[in-house]
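To keep things clear, I will list the structure first and then write my remarks on it.
Every chain is numbered from 1, with letters handed out A, B, ... down the list of sequences.
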There are 2 protein chains.
Amino acid sequence: MDKYTALQVFEALSSGVRLDVFRLLVQAGPEGRVAGDISSALDIPPTNLSFHLKGLAQAGLVTAEQEGRFQRYRANIALMVDTIGFLTENCCGEGVSCELTGVAEGVCKP
Amino acid sequence: MDKYTALQVFEALSSGVRLDVFRLLVQAGPEGRVAGDISSALDIPPTNLSFHLKGLAQAGLVTAEQEGRFQRYRANIALMVDTIGFLTENCCGEGVSCELTGVAEGVCKP
DNA sequence: AAAATGCTTCAACTTTTCTTGAAGTGTTGA
DNA sequence: TCAACACTTCAAGAAAAGTTGAAGCATTTT
């Protein structure tokens with residue numbers, strides 16, 4: 001993963017609205033949710049929701065699929081997990097031990 | 001972890017400058033780095049760096065310790081790892097399998 | 001004590017992001 | 001075909017974040 005991709009991911013999750021939307025989609029699982037469904041579940045006006053969904057989709061954190069006149073969104077959890085790998089790169093290299101950094105086991109040595 | 005804490009973490013990492021700083025500190029390990037060191041390593045004016053370090057510290061992603069007239073910063077990787085746990089909460093619950101979501105093994109069932 | 005160093009805070013400006021109503025696109029059902 | 005529906009795009013104003021030089025505070029050196 002490159003820095004730009006990671007930055008897009010963090011930017012996407014740096015808004016309360018988008019964080020709520022992503023979490024809702026994570027909990028929805030592979031079925032995902034259609035836009036209007038998300039709008040009413042979180043009480044966000046459709047115009048505003050569309051703006052934020054665009055940001056999440058651009059970052060790759062959600063995928064969009066047309067379903068008749070509905071638009072179904074799904075979370076991409078794998079990208080989120082990969083992003084952590086990017087952040088913890090080299091955190092245990094060069095004589096730096098996991099014990100000292102307090103990092104959970106398995107994170108630094110995948 | 002609550003939503004506010006997670007949001008602070010993502011906001012903190014949603015800037016290119018702060019992402020660079022955090023990654024530098026992750027790679028620096030437990031020794032950390034003093035502010036002036038970071039400033040010259042990443043070519044960021046001290047004033048601006050101070051602004052961004054404040055954001056990272058407020059989110060809890062870095063800690064600051066005075067060392068004479070220097071200020072030493074260290075990364076808090078554990079918080080980053082915890083934040084992922086928050087995001088993937090319930091992602092495999094209620095009949096939703098990890099296989100379908102494509103999530104790395106062990107993430108959903110810690 | 002005075003000057004130098006390391007860093008932060010402040011104030012002002014610039015830039016970006018957010019929010020909302022109005023208008024637009026495509027789809028479905030009467 | 002026409003109205004209703006689901007959602008997105010557009011435009012404009014409001015709010016938040018980023019950047020910089022000048023000034024401030026604390027520590028160290030001379």
For this session: Pick base, sugar-phosphate or nothing for A:R72, based on heavy-atom distances below 4.0 Å to the nucleic acid.
Result: nothing

Problem set entry | Stretch residues 3-17 of chain B: residues that reach within less than 4.0 Å of DNA chain C through a heavy atom | none

For this session: Would you please confirm or rule out a distance under 4.0 Å between OP1 or OP2 of C:dT19 and any side-chain N or O of A:H52?
Result: yes

Problem set entry | d(CG, A:L49; P, C:dT20) in whole Å | 12 Å

Side-chain donor-acceptor distances from residues 7-20 of chain B under 3.5 Å, at least two apart:
| unit_1 | atom_1 | unit_2 | atom_2 | d |
| --- | --- | --- | --- | --- |
| B:S14 | OG | B:E11 | O | 2.7 |
| B:S15 | OG | B:V17 | N | 3.2 |
| B:S15 | OG | B:R18 | N | 3.2 |
| B:R18 | NE | B:A12 | O | 2.6 |
| B:R18 | NH1 | B:H52 | ND1 | 3.0 |
| B:R18 | NH2 | B:E11 | O | 3.0 |
| B:D20 | OD1 | A:K3 | NZ | 3.3 |
| B:D20 | OD2 | A:K3 | NZ | 3.0 |

Exercise. What pairs with B:K54 under side-chain hydrogen bond (donor to acceptor under 3.5 Å, both in side chains), at least two apart in sequence or on another chain?
Worked result: none

Exercise. Would A:T83 and B:I84 count as a side chain to side chain contact (heavy atoms under 4.5 Å, CB included) if you check the C-alpha gap in whole Å, the side-chain angles of each, and the deciding distance to 0.1 Å?
Worked result: CA-CA 10 Å; A:T83 305; B:I84 302 319; over 6 Å; no

Seminar exercise, completed: Outermost contacting nts on DNA chain D, any atom under 4.0 Å from chain B heavy atoms, listed 5' then 3', are D:dG18 to D:dT29

Problem set entry | Donor-acceptor contact present, side-chain B:S50 to main-chain B:P46, <3.5 Å | no

Seminar exercise, completed: Residues in residues 34-45 of chain B with a heavy atom under 4.0 Å of DNA chain D, by number, are B:P45

For this session: Could you identify which residues of residues 56-71 of chain B place a heavy atom less than 4.0 Å from some atom of DNA chain D, listed by residue number, or say none?
Result: B:Q66, B:G68, B:R69

Exercise. Who passes side-chain hydrogen bond (donor to acceptor under 3.5 Å, both in side chains) against A:D43, sequence neighbours left out?
Worked result: none

Considering only distance and modelled atom types, tabulate donor-acceptor pairs under 3.5 Å from the side chains of residues 56-68 of chain B, sequence neighbours left out.
| unit_1 | atom_1 | unit_2 | atom_2 | d |
| --- | --- | --- | --- | --- |
| B:E65 | OE1 | B:R74 | NH1 | 2.8 |
| B:Q66 | NE2 | B:G68 | O | 3.4 |
| B:E67 | OE1 | B:R72 | NE | 3.0 |
| B:E67 | OE1 | B:R72 | NH2 | 3.1 |
| B:E67 | OE2 | B:R72 | NE | 2.8 |

For this session: For A:N48 and C:dT19, give me the distance from atom CG to atom C1', rounded to whole Å.
Result: 6 Å

Exercise. What pairs with B:T5 under side-chain hydrogen bond (donor to acceptor under 3.5 Å, both in side chains), at least two apart in sequence or on another chain?
Worked result: B:D2

Seminar exercise, completed: Connected to B:F51, directly or through other members, by ILVMFWY side-chain contacts below 4.5 Å are none

Exercise. In the hydrophobic cluster built from side-chain contacts under 4.5 Å, what are the other members alongside A:Y4?
Worked result: none

Exercise. In the single-linkage hydrophobic clustering (I, L, V, M, F, W, Y; side-chain heavy atoms under 4.5 Å), do B:F86 and A:L79 co-cluster?
Worked result: yes

Exercise. Are the side chain of A:S39 and the backbone N or O of A:A35 linked by a donor-acceptor pair below 3.5 Å?
Worked result: no

For this session: Could you list the residues that satisfy side-chain hydrogen bond (donor to acceptor under 3.5 Å, both in side chains) with B:D37, not counting sequence neighbours?
Result: B:R33

Seminar exercise, completed: Nearest heavy-atom contact between B:I44 and B:L49 is CG2-N, 3.7 Å

